[in-house]
Protein chains: 2
Amino acid sequence: MAIGTLGHALLGLLAQRECTGYELTRTFDESLAHVWPTKHSQIYPELAKLQAAGLIRQSGSGARGSKTYAATAEGLEEVRRWMRDTIPSESVRTERMLRVFFLWLLPPNEASTYLREIGGRHRERLARYEAIAAIIPSDDPEDRMGRIAIEAGIRYESAMADWASWAVEEIAKSAS
Amino acid sequence: MAIGTLGHALLGLLAQRECTGYELTRTFDESLAHVWPTKHSQIYPELAKLQAAGLIRQSGSGARGSKTYAATAEGLEEVRRWMRDTIPSESVRTERMLRVFFLWLLPPNEASTYLREIGGRHRERLARYEAIAAIIPSDDPEDRMGRIAIEAGIRYESAMADWASWAVEEIAKSAS
DNA sequence: TTATTACATGTAAACAATTACATGTCAAGT
DNA sequence: ACTTGACATGTAATTGTTTACATGTAATAA
């Protein structure tokens with residue numbers, strides 16, 4: 001019963017503060033899904049697995065049948081070991097970028113439309129990330145790592161938005 | 001027997017030129033794996049599926065039992081339809097970036113080590129992509145889209161390498 | 001001639017992720 | 001009283017992905 005990436009991510013969130021499965025699901029949807037998409041249908045069974053492995057424990061229960069989980073000492077140990085001693089997979093999977101390799105299949109105007117659309121999505125996310133970054137107090141040491149994580153998002157979205165604009169122009173250039 | 005993203009990617013490659021399963025595997029390993037990792041054990045059954053669906057046909061056979069496949073008219077139609085009429089999944093999955101959210105679990109010096117290491121990997125790939133971009137003749141319209149795809153890689157790796165360096169300094173700042 | 005490496009294709013088992021199904025609670029507004 | 005929406009947790013079936021198993025060919029170098 002080995003713990004995978006999702007299990008370690010849940011452990012990492014529960015190391016910060018105790019949460020219900022629902023709260024974990026929302027945290028994934030709101031921020032972690034940008035780097036590791038997951039559904040509640042995967043989270044709940046994974047929590048059961050982590051509990052069975054003694055890495056988390058149910059620390060309480062609230063309204064509407066909600067259950068609060070907290071990381072155990074073993075769980076904290078395990079997530080630290082994962083961060084320290086294991087090599088992250090290099091693999092990145094993104095259908096949006098995959099399709100760029102096949103843009104030559106479309107007439108130039110449709111390729112441009114595709115690029116403008118993905119540029120727009122990158123700009124949207126960039127705006128959202130910048131708004132989040134703006135409200136993180138930069139002097140609080142607790143939030144410093146959070147600021148570093150969001151900065152990665154900002155730079156990524158910004159670079160990809162610029163790239164998309166550049167690519168549209170590049171296509172326009174050769175069409176003339 | 002619906003065709004998924006991998007099937008469309010194979011169709012896209014075969015739309016460009018006929019290939020053996022082995023060649024397709026190598027193309028994935030060398031360039032497409034950066035956006036859509038796949039193993040030969042998934043490629044061969046997928047080719048069989050595409051052939052059964054009439055989207056590709058075996059166009060020849062060579063040494064060592066190799067089989068060459070080519071896209072059929074229906075296959076070309078299908079991959080164009082996919083590019084034009086379907087919305088790409090927004091999902092991106094990257095364990096490297098996921099771990100950034102849990103960097104606070106490590107002492108600052110270990111977090112810095114992690115960031116330096118991933119910065120190094122980004123710089124490595126950046127150098128490789130730049131070398132590839134340098135040998136693409138920029139005036140050949142055939143390669144224009146290839147140049148656009150590699151530019152995305154260059155900007156991505158460059159942005160992430162810069163981010164990693166910035167993050168290391170950010171941690172150093174607060175440690176003092 | 002023999003060992004190694006790259007070429008070449010497959011299948012099976014295990015694991016991970018998505019989609020669909022299924023149920024029920026509680027609060028707020030109408 | 002009723003409806004809607006957010007809260008809350010699960011399971012089942014399907015699909016996608018990885019790892020391990022399995023086999024054989026051709027070229028090159030020692």
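The structure displayed is predicted, hence computed values, not measured ones. Per chain, numbering begins at 1; letters A, B, ... match sequence-line order.
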Open item on the list: At under 4.0 Å between heavy atoms, how does the protein contact nucleotides 13-18 of chain D? Give one character per nucleotide, 5' to 3', with B, S or -.
Closed with: ---SSB
Task: Whole angstrom value for the distance that separates P of D:dC7 from CG of A:Asp29 - done: 11 Å
Task: For atom OH of B:Tyr22 and atom C1' of D:dA27, their distance in whole Å - done: 13 Å
Task: Counterpart residues, side chain to side chain contact (heavy atoms under 4.5 Å, CB included), relative to A:Ala33 (two or more places apart) - done: none
Measure all distances between protein nitrogen or oxygen atoms and nitrogen or oxygen atoms of nucleotides 22-26 of chain D, and list the pairs falling under 3.5 Å.
{"residue": "D:dA26", "atom": "O4'", "partner": "B:Arg64", "partner atom": "NE", "Å": "3.1"}

Open item on the list: I'd like to check the side chain to side chain contact (heavy atoms under 4.5 Å, CB included) partners of B:Pro108; sequence neighbours left out, ordered by chain and number.
Closed with: B:Ile171
Task: Residue pairs fulfilling salt bridge (charged side-chain N to carboxylate O under 4.0 Å, His left out) with at least one residue in residues 111-120 of chain B, sequence neighbours excluded - done: B:Glu117-B:Arg121
Contact list (N/O, under 3.5 angstrom) for nucleotides 1-5 of chain C vs protein:
none

- [ ] Write down the distance between CD (B:Glu23) and C1' (C:dA6), rounded to a whole number of angstrom.
- [x] 14 Å
TODO: Just jot down the salt bridge (Lys or Arg N to Asp or Glu O under 4.0 Å) partners of B:Arg123, sequence neighbours excluded, or say none.
DONE: none
Task: Residue pair B:Trp163 / B:Val100: nearest heavy atoms and the distance that separates them - done: CH2-CG2, 3.6 Å
TODO: Just jot down the side chain to side chain contact (heavy atoms under 4.5 Å, CB included) partners of A:Glu23, sequence neighbours excluded, or say none.
DONE: A:Arg17, A:Cys19, A:Thr20
- [ ] Sequence neighbours left out, what passes side chain to side chain donor-acceptor pair (under 3.5 Å) with A:Ser59? Give chain and number order.
- [x] A:Glu18
Please list every donor-acceptor pair under 3.5 Å in which a side-chain atom of residues 68-83 of chain B meets a protein atom from a residue at least two apart or in another chain.
{"residue": "B:Thr72", "atom": "OG1", "partner": "B:Gly54", "partner atom": "O", "Å": "2.7"}
{"residue": "B:Thr72", "atom": "OG1", "partner": "B:Leu55", "partner atom": "O", "Å": "3.0"}
{"residue": "B:Thr72", "atom": "OG1", "partner": "B:Glu74", "partner atom": "N", "Å": "3.4"}
{"residue": "B:Thr72", "atom": "OG1", "partner": "B:Glu74", "partner atom": "OE1", "Å": "3.3"}
{"residue": "B:Thr72", "atom": "OG1", "partner": "B:Gly75", "partner atom": "N", "Å": "3.1"}
{"residue": "B:Glu78", "atom": "OE1", "partner": "B:Arg81", "partner atom": "NE", "Å": "3.0"}
{"residue": "B:Glu78", "atom": "OE2", "partner": "B:His8", "partner atom": "NE2", "Å": "2.6"}
{"residue": "B:Glu78", "atom": "OE2", "partner": "B:Arg81", "partner atom": "NH2", "Å": "2.8"}
{"residue": "B:Arg80", "atom": "NE", "partner": "A:Leu105", "partner atom": "O", "Å": "2.7"}

Only distances under 3.5 Å count here; give the side-chain donor-acceptor pairs of residues 34-47 of chain B to other protein atoms, sequence neighbours excluded, each with its distance to 0.1 Å.
{"residue": "B:His34", "atom": "ND1", "partner": "B:Tyr129", "partner atom": "OH", "Å": "3.3"}
{"residue": "B:Thr38", "atom": "OG1", "partner": "B:Trp36", "partner atom": "O", "Å": "3.4"}
{"residue": "B:Tyr44", "atom": "OH", "partner": "B:Tyr22", "partner atom": "N", "Å": "3.4"}

Open item on the list: With side-chain hydrogen bond (donor to acceptor under 3.5 Å, both in side chains) as the rule and sequence neighbours excluded, what pairs involving residues 149-160 of chain B come up?
Closed with: B:His122-B:Glu157, B:Arg125-B:Glu157, B:Arg147-B:Glu151, B:Glu151-B:Arg155
TODO: Figure out the CD/C1' separation between A:Glu30 and D:dA6, and round it to whole Å.
DONE: 13 Å
